[in-house]
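Reading through the C-alpha cells given below for one structure.
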Amino acid sequence: MLKVENVSKSFKKRLVLQDINLTVDAGELVHISGINGSGKSTLFKIIAKLLAPDQGKVTLGSDDYLGALIENPGFLEYESGLSNLAFLAKLNQHYDEGKIRQLMQRFSLDPDDPQAIKNYSIGMRQKVGIIQAVMEDQTIILLDEPTRGIDQEGIGQFTELCHELTSSGKSIVVASHDTIAEMKYDRQLHLENGVLHE
Ligand SMILES: Nc1ncnc2c1ncn2[C@@H]1O[C@H](COP(=O)(O)OP(=O)(O)OP(=O)(O)O)[C@@H](O)[C@H]1O
C-alpha cells in the first residue's frame with residue numbers, strides 16, 4: 001500500500017504540488033496524466049524519497065519494496081544491457097539472472113547481445129529501465145513516461161507485463177502526458193496546476 005498525504009512542494013516559490021493525496025492499494029494500476037512540467041516526476045521523486053516534501057508525508061506498507069523508472073535512467077554506458085541489470089540487482093542482493101533474462105526476452109532484448117548500452121536506442125534503454133523497476137519483485141512500481149521511444153510491439157509487451165504484475169498483487173503507478181490505449185487502469189487521475197484530480 002502506498003499512501004501520499006497532504007504533500008506540497010514548491011521550487012523557488014513556484015508551487016508545483018499542492019496538497020496531494022493518493023492511496024494505491026495492492027494490485028491497483030493507476031494512471032496520472034499531466035502535461036510536461038505538471039509535476040509528475042516531482043511527485044515520484046518525493047514518493048521515492050529522493051526529494052523531501054515541504055509539507056505532508058508518504059507511507060509504504062511495512063513489507064513494500066519500491067521500484068521506479070523516473071526521467072532518463074542512468075546506466076553504465078560501456079556495459080551491456082544484461083550487465084547493467086545484473087549490477088543493479090546485485091547492489092540490492094536480489095540478483096536472479098534467470099528472471100532478468102526472461103524479462104529481457106519478453107521485451108525482445110537479447111540478453112546475450114554484448115553491445116554496450118550506449119548504442120541502444122531510446123526505446124531499448126527505456127525497456128531496460130522498466131525491467132530494473134520490476135526485476136526484484138518490487139511491490140510498488142512507479143513508471144514515469146515508460147513507453148517513451150518504445151514501438152507498438154513493445155507497448156503491447158509492456159501492457160501485458162503491467163496487467164500480469166497487478167494480477168499478482170503488485171501496485172503500479174504510470175505517469176505520462178498521454179494515455180496508453182491498451183492499459184486497463186483501475187483509476188485515472190490528472191495532475192494540473194499542482195492539483196491531482198480524480
Ligand atoms: N530541482 C528543481 N528545481 C527547480 N525547479 C524544478 C526542479 N525540479 C523540477 N522543477 C520544476 O518543477 C516543475 C515540475 O517538474 P516535473 O519534472 O516534476 O514535471 P513533469 O510533469 O514530470 O514534466 P516532464 O514530463 O517534462 O518531466 C517544472 O516547472 C520544473 O521545471
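Excluded from the calculations below are hydrogen atoms, water molecules and symmetry mates; all remaining heavy atoms, backbone and side chain alike, are included. The first residue of the sequence shown is numbered 1, and numbering continues consecutively from there.
- In this structure, Leu29 and Leu165 have side chains that are not in contact, with every pair of non-hydrogen atoms separated by 4.5 Å or more.
- Scanning for salt bridge (charged side-chain N to carboxylate O under 4.0 Å, His left out) contacts around Glu5 gives an empty result, with sequence neighbours left out.
- A search for side chain to side chain contact (heavy atoms under 4.5 Å, CB included) contacts involving Asn119 returns Gln115, Ala116, not counting sequence neighbours.
- With sequence neighbours excluded, the residues that form a salt bridge (charged side-chain N to carboxylate O under 4.0 Å, His left out) with Glu164 are Arg106.
- In terms of heavy atoms, Arg148 sits closest to Asn72 at NH2-OD1, 3.5 Å.
- Of all heavy-atom pairs spanning Ala89 and Met135, the tightest one is N-CE, 3.6 Å.
- Residues that satisfy the salt bridge (charged side-chain N to carboxylate O under 4.0 Å, His left out) test with Asp137, not counting sequence neighbours, are Lys99, Lys170.
- Residues Leu161 and Val134 form a side-chain contact, since some pair of their non-hydrogen atoms from C-beta on lies under 4.5 Å apart.
- Judged purely by atom type and a 3.5 angstrom limit, Asp25 has no side-chain atom pairing as donor or acceptor with the backbone of Glu28.
- Atom CD1 of Ile180 sits about 4.0 Å away from atom OH of Tyr185, to the nearest 0.5 Å.
- Under the 4.5 Å side-chain heavy-atom criterion for ILVMFWY residues, a single connected hydrophobic cluster contains both Leu22 and Leu51.
- In terms of modelled atom types and a separation under 3.5 Å, the side chain of Lys9 and the main chain of Ala52 share a donor-acceptor contact.
- A distance of 8.5 Å separates CG in Leu85 from CG in Leu103, rounded to the nearest 0.5 Å.
- With 3.5 Å as the limit, one finds a donor-acceptor pair spanning the side chains of Ser108 and Gln157.
- Without hydrogens or angle criteria, Asp54 side chain to Ser10 main chain gives a donor-acceptor distance under 3.5 Å.
- The shortest side-chain heavy-atom distance between Val24 and Met1 does not fall under the 4.5 Å cut-off.
- Put simply, the side chain of Lys45 never gets that close to the backbone of Leu50: no donor and acceptor are under 3.5 Å apart.
- Within the model, atoms CG of Leu66 and CD1 of Ile140 stand 7.0 Å from one another, a figure rounded to the nearest 0.5 Å.
- At least one donor-acceptor pair closer than 3.5 Å links the side chain of Ser80 to the backbone N or O of Ser83.
- Note that CG of Leu142 and CG of Leu2 are 7.0 Å apart. Values are rounded to the nearest 0.5 Å.
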**Item:** Intermediate values then yes/no, side chain to side chain contact (heavy atoms under 4.5 Å, CB included), Leu191 and Leu17
**Value:** CA-CA 9 Å; Leu191 191 56; Leu17 298 174; 4.1 Å; yes
Quick one: side chains of residues 56-63, donor-acceptor pairs under 3.5 Å with protein atoms, not counting sequence neighbours, listed by atom name and distance.
none

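- For Arg125 and Glu77, the salt-bridge test passes: some basic side-chain N is under 4.0 Å from an acidic carboxylate O.
- Between Met183 and Cys162, the shortest heavy-atom distance links the atoms CE-SG, 3.7 Å.
- Contact check for Leu189 versus Val30: side-chain heavy atoms found under the 4.5 Å cut-off.
- The backbone N or O of Gln132 sits less than 3.5 Å from a side-chain atom of Gln138, completing a donor-acceptor pair.
- The side-chain hydrogen bond (donor to acceptor under 3.5 Å, both in side chains) search around Thr159 returns none, not counting sequence neighbours.
- With contacts defined as side-chain heavy-atom distances shorter than 4.5 Å, the pair Glu145/Ile70 does not qualify.
- Legend: residues meeting salt bridge (charged side-chain N to carboxylate O under 4.0 Å, His left out) with Glu79, ordered by chain and number and at least two apart, are absent.
- Under the 4.5 Å side-chain heavy-atom criterion for Ile, Leu, Val, Met, Phe, Trp and Tyr, Tyr78 and Val128 are members of distinct hydrophobic clusters.
- Residue Ala26 comes nearest to Ser171 through the heavy atom pair CA-OG, 3.4 Å, listed as atom of the first residue, atom of the second, then distance.
- Asn6 is not listed as a side-chain neighbour of Ile20, based on a closest heavy-atom distance of 4.5 Å or more.
- The side-chain hydrogen bond (donor to acceptor under 3.5 Å, both in side chains) search around Asp96 returns none, not counting sequence neighbours.
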**Prompt:** Run the side chain to side chain donor-acceptor pair (under 3.5 Å) check on Ser176 and His31 step by step: do they pass?
**Reply:** CA-CA 8 Å; Ser176 63; His31 183 236; 2.7 Å; yes
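- Phe87 and Leu109 fall within a single hydrophobic cluster, where Ile, Leu, Val, Met, Phe, Trp and Tyr side chains are chained together by heavy-atom contacts under 4.5 Å.
- Between Asp144 and Ser41, the shortest heavy-atom contact is OD2-OG, 2.7 Å.
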**Request:** I would like to know whether Phe107 and Phe158 meet side chain to side chain contact (heavy atoms under 4.5 Å, CB included); could you show each step before the answer?
**Result:** CA-CA 8 Å; Phe107 276 113; Phe158 170 69; 4.0 Å; yes
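- Each salt bridge (Lys or Arg N to Asp or Glu O under 4.0 Å) pair with one or both residues in residues 174-186, not counting sequence neighbours, would appear here, but there are none.
- Looking at Asn193, its side chain never comes within 3.5 Å of a backbone N or O of Val195 through a donor-acceptor pair.
- Glu97 and Tyr95 form a side-chain donor-acceptor contact under 3.5 Å, judged by distance and modelled atom types alone.
- Listed by chain and residue number, Tyr65, Glu136 satisfy the side-chain hydrogen bond (donor to acceptor under 3.5 Å, both in side chains) test with Asn92 (two or more places apart in sequence, or in another chain).
- Side chains of Asp19 and Ser8: no donor on one and acceptor on the other come within 3.5 Å.
- Counting only residues at least two apart or in different chains, ring-ring contact (aromatic ring centres under 6.0 Å, His included) contacts with residues 160-180 are absent.
- A donor-acceptor pair under 3.5 Å is absent between the side-chain atoms of Asp64 and the main chain of Thr139, judged by distance alone.
- Residues Leu76 and Ile117 are not in side-chain contact: their nearest non-hydrogen atoms beyond the backbone lie 4.5 Å or more apart.
- Shortest non-hydrogen contact noted between Ala175 and Pro146 is O-CD, 3.9 Å.
- Residues Ile172 and Val174 are in side-chain contact: their nearest non-hydrogen atoms beyond the backbone lie under 4.5 Å apart.
- Atom CD1 of Ile32 and atom CG of Leu196 lie 5.5 Å apart (nearest 0.5 Å).
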**Message:** Applying side chain to side chain contact (heavy atoms under 4.5 Å, CB included) to Leu69 and Gln126, what does each step give before you reach the verdict?
**Reply:** CA-CA 9 Å; Leu69 167 66; Gln126 203 66 0; 3.7 Å; yes
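- Going from atom CD1 of Ile141 over to atom CD1 of Ile130 covers 11.0 Å, rounded to the nearest 0.5 Å.
- For the side-chain hydrogen bond (donor to acceptor under 3.5 Å, both in side chains) test, no residue two or more places apart in sequence or in another chain qualifies with Gln55.
- Transitive grouping of hydrophobic side chains (ILVMFWY, heavy atoms separated by less than 4.5 Å) keeps Ile35 and Phe44 in distinct clusters.
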